[in-house]
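These notes concern the structure reproduced below.
Naming: A, B, ... by sequence-line order, numbering from 1 per chain.
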Amino acid sequence: MKVALLSNATTSVLEGMLREKAGVWSPPGHGAWMETALAPPDDLVAFAPELFIILLDRRFAVVEADPAEAVAALRRRFPAAAVVLPDLEAMAAEIGEGFYDERMWKLARMPWSLTGLRELAKLAAPVKKVLALDFDGVLWDGVAGEGEVLPRTGFQREVAALVRRGVALVALSKNNPADAEAALGTAGAALSRGDFAAWRVDWNPKPGNLAAVAAELNLGLDAFVFVDDSPAERAEMRAKLPEVCVPPFPPRLDALFPQLGAVTAEDAARVAGYRAEAERRRFAAGRSLDDYLESLKIHTDIHLMRPDESARVAQLSQRANQFNVLTNRYSEAEARAFADEADAFTAVMSAGDRFGELGLVAFVRVRGGEIVDWVMSCRAMNRRLEFALEEFVEAEAARRGVARLAATWRRTARNEPVRELYDRFGFALVSKTEGERRYERILG
Amino acid sequence: MNAEREFLDFAAGLFGVDPSALSLATAYGSLPEWDSVMHLRLVMEFEAKYGVSIALEEVPAMTTLGDFFAKAGKGGA
C-alpha cells in the first residue's frame, strides 16, 4: 500500500508507524494539505499513491480551507487513488479524551496520543478484507424476533456493493438465528443469508467469535472491520482484540475500505456536490494555488534583524531542520553578535495570514558576498514566502555593493526539501556533489 | 529478565537498531534513528509500556535512555 498523508498538523510520528507496513509520502513541513491537493508536487505524482488520507485536526488547529475542495482536486488529479477524509471528531468521541495529547501539540503541533495514532494507523493498515456486522440497529431498525423490523436499505446496499467488490461478510450478532434470518428476508432488505461468508449468530461474546472466524478464514485480525451500534460491544472488541478496526457508529464504509475505491451512492452524490460547489466558485478546472494563497491574505514584514529579534533567530537556527540550507546552529549570544559583523547583514521575515500571526519565521544571513544561512520555519513553508525574502536579500546585497552572490546547500538528514531552493531562485549551479551544491548569482 | 536489558530491548525495537548499539548513556540525537520524531514516539511508547506519565516540562530534560530508565520504576508496571 502506498499512502499519501495530508494534514494541518504534524504527521511525522504517524508516518514512522505507517512506514513499518506501507510506503508513505507527505509534504515537507506541515500544514500544506490544501496547497498539496491543489498543486501536487512532482515527487508526489511520481510516488503514485493508492490512498490519500487527509487528517484535519479541529481540536487545536484551524482548518483554513474547504476540505471538500481538496478531496475533489485529488480525485480529479489521481482518479486511480482512493481519497479518505476521516471524521476525526467522531473518532475522538468514540475513543474519548485519550485520542488527543495536548503535550504533543505543544511540543510538535501533533495533536494525537499514542492511542489516537494507533487508531489512525489502522486507516492505512493492510488491506481490510472482512466486514463483521452486528444486526439489530445496524442492518435494520428494531429487534429481530420482537415485533416488526425495518430494513436500513441504504446501508444494506452499501454493504452489498462491498460484497460485490470482494469483501467477505461475517454475521456477528446476538440474536436467535431463526429470527435473524427472517429479518434478513424482510421486504426492502438488500442482503440475504447467502451473502455472509461466516455466521456467528448466538449469545457468545463477540471477540471470541471473531477470533474463531479469523482462524477459520486464515486471516489476520487486522483484516477485520467490526461494525456495531452498541458502544459497549465496540469497547469490548477494542479491548480484547486491539488489532481489529472498530469505527465509530454509523461507520463510513468508503473510508474503511478505500482500497476498493468503493463509490457508494452517497459518495458519488458528495463528489457531485463538490463539483457543483467548485463550479459555482469558477474553479471547475481546479482552483490554482495562487488563488488559494491569495485568499489566505498572507502578509509579510521583511527587514534587517533588530537586536530584540536575535533570540528568535537563534531559536529558529536550533529548530529548523527541513528548510535550512546549511544547518548552522547558533546560541542567542552568537545571533546577537551578527549585528556587529563587518561586511555582513541578517534579514528576517515575519508573516501572518487571515487566521493569525506566525511571527518571525525566517532569516537569511549574508557575509562577504555569500549566503551563509537560509532558514525558515516549516510553518511558513509551501506558501512561496521564500521568494519575497530572497528578493529583499538580493536588493540589500546589491545596495551594499555585492556583485556576485554565492550560496551553498549542504545535505543533512532532513533538508532534502530545499535541495533545489537556489535553482528555484534562478541561481546558477556552479558545482555539485552528492552532499553539496554551490551556486552563484550575478546581481545588478 | 534484567530490567535494564528489557528496557534497552524495548528502545532498540522502537528505533529499529540492534540492542547492543544502545546503553543507558545513549543520548538523544547520538544515533540517526533517535531524531526529534522518534523522541516523541519514545515518550509515548515508554509511557504506555511502563505506565508512567512524563510532564510537558520534563520532556526537554529527558535526553538519555538513562533518563527514561530512571522513570521506569516509578509507575509500578
Given a strict heavy-atom distance threshold of 4.5 Å, which part of A:Ser113 is in contact with chain B: side chain, backbone, both, or neither?
-> backbone
The interface call for B:Val37 against chain A, heavy-atom contacts under 4.5 Å, is both
Hey, can you tell me if B:Phe69 and B:Phe7 have their rings parallel, tilted or perpendicular (30° and 60° cut-offs)?
-> tilted
Under-4.0 Å salt bridge between B:Glu57 and A:Lys106 = no
Any ion pair linking A:Glu50 and A:Lys2 (charged N to carboxylate O, less than 4.0 Å)?
-> no
Applying a strict 4.5 Å limit to non-hydrogen atoms, the region of A:Arg118 in contact with chain B is side chain
Heavy-atom contact with chain B under 4.5 Å, split by part of A:Met17 | both
Give, as side chain, backbone, both or neither, the part of A:Trp112 having an atom under 4.5 angstrom from any heavy atom of chain B.
-> backbone
Run the side-chain hydrogen bond (donor to acceptor under 3.5 Å, both in side chains) check on B:Asp67 and B:Tyr28 step by step: do they pass?
-> CA-CA 10 Å; B:Asp67 295 332; B:Tyr28 167 45; over 6 Å; no
Taking side chain as C-beta onward, heavy atoms only, is B:Ile54 less than 4.5 Å from A:Arg103?
-> yes
Contacting moiety of B:Glu47, where chain A heavy atoms sit under 4.5 Å = side chain
